[in-house]
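Just follow the structure's listing: the first ligand is 1, and inside any ligand the first atom is 1. The first residue in the sequence is number 1, and the count goes up from there. Everything numeric here is computed off the predicted structure, so don't read it as measured data. Hydrogens, waters and symmetry mates play no part in the numbers below; they use all other heavy atoms, side chains included.
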Amino acid sequence: MFVVATAGHVDHGKSTLVRALTGMEPDRWAEERRRGMTIDLGFAWTTLPSGGTIAFVDVPGHERFVPNMLAGVGPVPAALIVVAADEGWMPQSAEHLAALDALGVAYGLLVVTRADLADPGPATTRARAEIGATSLGAVEAVAVSGRTGAGLPELRAALDRLTARLPAPTVDDPVRLWVDRSFTVRGSGTVVTGTLGAGRLRVGDVLELAGADEPVRVRGLHSLGEARPEAAAVARVAVNLRGTPRDRLGRGDALLTPGRFHPTDLVDVRLTGDPAADLPATLTLHVGSAAVPVRVRPLGPDTVRLRLSRPLPLLVGDRALLRDPGRHHVTGGVRVLDVAPPPLGRRGAAAARAQVLAELDGRPDLVGELRRRRLVRAGELIRMGVPVHAAPVAGDWLADPEHWRRLGDEVTEVVTRYARDHPLEPGMPVDALRQRLALPDRVLVEALVRPPLRIHAGRVGAAGADALPEPVARAVRRVRAEYGDRPFRAPEADRLVDLGLGPREIGAAVRAGALLRLADNVVLLPDALDDAVRVLAGLPQPFTLSAARQALDTTRRVAVPLLELLDRRGATRRLPDDARIVVD
Ligand SMILES: Nc1nc2c(ncn2[C@@H]2O[C@H](COP(=O)(O)OP(=O)(O)OP(=O)(O)O)[C@@H](O)[C@H]2O)c(=O)[nH]1
Ligand SMILES: [Mg+2]
């Protein structure tokens, strides 16, 4: 299916033309028919000579209803520009064309109607000149009479040529259905309609309603008046939503593929066309079927920041237009450059931002986004409209490669400095390191720690006794040299003092696994435990404390806490008579 919107000045014959082409009535309201004037969007469809189906979104031409017109053309890729032969180019011919240009609509047809009332030549010449200067470029022109039917076969053939040129829809893209109508059907509940420009909808799909938390479920689908299990872009669709009250949504809302959009109320955009130097501070942003007041903050010569009065699900590259509702004037088009721009706090930030924006063209660019954002979640980029084809560095985090390398170096520096400043701690707490590097997620720290650094018990440090400050390490080496051949003799308290091993130093050595503490001021080398079990296993079982003390060639000061430690570890068992056995 193809969807084409009409455009043109009031009373130039848009609805008459749609009626003549489709046999359907685009003016749905009694008031429209009574006044002979379109007020709101109308919908009709027909089959072209080629067999293709074409649906029309018929828009009002009156200047008061331009916002309705914009809601209709916003999501539609092609336009039928209607000019009356007897009136020629008029103000809303110009305003509608400016809107199409601002939105970047590139496909269209000029239809000069009421050709039975006047020579279509002059209107055709003028309109073609106007259209030729816009995003539509050179268009085919057809003269018709909605009254006599003259020119309609030529118009149908021209529509076939137009639709054949339209780009193929991207049916695998996520759905962003801008709602242009919502109503209630008795027995079915809420129904919304819109132009599905990309993606695919199926009965049973769960969608997000932009700005609301709960999901909505597609209960039924209609397209061109018929129920269908599925509709693929491009299509006019009516979606029946299960359990969503009618007052929850209306024109300007959007139904979205879950997780693929991130509604934003702050965007940086490029003004397209000929931006005025003195933009009003408040304008209305029209995008899709939505119209939202915005505050405009100029940044660069053709870039501005827009603060939206309510969030919209925008993507990098989106086209939209700014309009001054008071002056009935399309101010210009915009192309969205950034849907999650940084705050502009400090002085000079706006100028710096303008420089960044000057480099952007609205084409999603992963490498550039990573360079600017340095660290960002893949899901976040996807929700901005940036395709992700790079491997994450940790979790779902992507990093700018250069930044990631720098972070790796910083980890080494910071941890080394920490070890120097806190010689008795077995490394830097992971969270302190995370905060020091201002990293948003602990998994990033974990991914940045590389040998010889390691994470042990929530701290980042060098592995093993290497982590000991040199004086403690030296003392431990002395202990090993002096006691290595009599491993169950513990240095006396005054010897420990001589070696510089106070309680804090002993604590550090114990945490690093360099010493084993049996009691206050009673330490052994860590291999002593296994050796002790081997010696004790050689004794006749059960054995007494005194037998153990002699076999180990040590004192009660060591033997008592050593056996208690072995009991606790389950290597020995104490019997009711205080003798012990070695447990196999
Ligand atoms: N003679 C003649 N009259 C026409 C032709 N097309 C439209 N009209 C008349 O022009 C008037 C306006 O036609 P519409 O089709 O309502 O115009 P419109 O562009 O839809 O107007 P809005 O929706 O209000 O912008 C009606 O009275 C039509 O009968 C035509 O080709 N020839
Ligand atoms: Mg009309």
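- Distance from atom 1 (N) of ligand 1 to its nearest protein heavy atom, with residue and atom name: D116 OD2, 2.9 Å.
- Using a cut-off of 4.0 Å between Lys/Arg side-chain N and Asp/Glu carboxylate O, D86 and R114 are scored as salt-bridged.
- Atoms of ligand 1 found under 4.0 Å from any heavy atom of K14 (numbered from 1 in listed order, with element): 15 (O), 17 (O), 18 (P), 19 (O), 20 (O), 21 (O), 22 (P), 25 (O).
- Distances from the Mg ion (ligand 2) show that T38 has an N/O/S atom below 2.8 Å.
- For ligand 1, the atoms lying closer than 4.0 Å to a non-hydrogen atom of S15 are 15 (O), 18 (P), 20 (O), 23 (O).
- At least one N or O atom of G146, backbone or side chain, sits closer than 3.5 Å to an N or O atom of ligand 1.
- Each of V330, V287, L306, T284 was evaluated against L322; a single residue qualifies, L306, per the side chain to side chain contact (heavy atoms under 4.5 Å, CB included) test.
- A salt bridge between R363 and D361 is present, with a side-chain N of the basic residue lying under 4.0 Å from a carboxylate O of the acidic one.
- Not a single heavy atom of G8 sits under 4.0 Å from any atom of ligand 1.
- At a threshold of 4.0 Å, the pair D265-R307 counts as salt-bridged, since one of the basic side-chain nitrogens sits closer than that to a carboxylate oxygen.
- Interface atoms of ligand 1 facing M37, defined by a heavy-atom separation under 4.0 Å, are 24 (O).
- Among all non-hydrogen protein atoms, the one lying nearest atom 29 (O) of ligand 1 is R147 NH2, 3.3 Å.
- Salt-bridge check for D268 with R305: passed, with a basic side-chain N closer than 4.0 Å to an acidic carboxylate O.
- Classification of E369 and R372 as a salt-bridged pair holds, one side-chain N sitting under 4.0 Å from a carboxylate O.
- For atom 7 (C) of ligand 1, the nearest protein heavy atom (residue, atom name, distance) is T16 OG1, 3.3 Å.
- Counting only heavy atoms of the protein, atom 10 (O) of ligand 1 lies nearest to R114 NH1, 2.8 Å.
- Side-chain atoms of L100 and I131, non-hydrogen and from C-beta on, never get closer than 4.5 Å to each other.
- No N or O atom of D58 sits closer than 3.5 Å to an N or O atom of ligand 1.
- Residue G36 approaches ligand 1 through these ligand atoms, each under 4.0 Å from one of its heavy atoms: 16 (O).
- The side-chain heavy atoms of H329 and R323, taken from C-beta on, include no pair separated by under 4.5 Å.
- Atom 12 (C) of ligand 1 has its closest protein heavy atom at D11 OD1, 3.3 Å.
- Atom 27 (O) of ligand 1 is never approached by the protein to below 4.0 angstrom, counting heavy atoms only.
- For the pair R236 and D180, the salt-bridge criterion is met [side-chain N within less than 4.0 Å of a carboxylate O].
- Below 3.5 Å of separation, one finds an N or O of G13 facing an N or O of ligand 1.
- At least one N/O/S atom of S15, whether from backbone or side chain, sits less than 2.8 Å from the Mg ion (ligand 2).
- Within a 6.0 Å sphere centred on CD of Q355, other residues, nucleotides and ligands contribute 12 heavy atoms or fewer.
- With a 4.0 Å cut-off on non-hydrogen atoms, T38 touches ligand 1 through its backbone as well as its side chain.
- Salt bridge annotation for D338-R270: absent, with no cationic side-chain nitrogen under 4.0 angstrom from a carboxylate oxygen.
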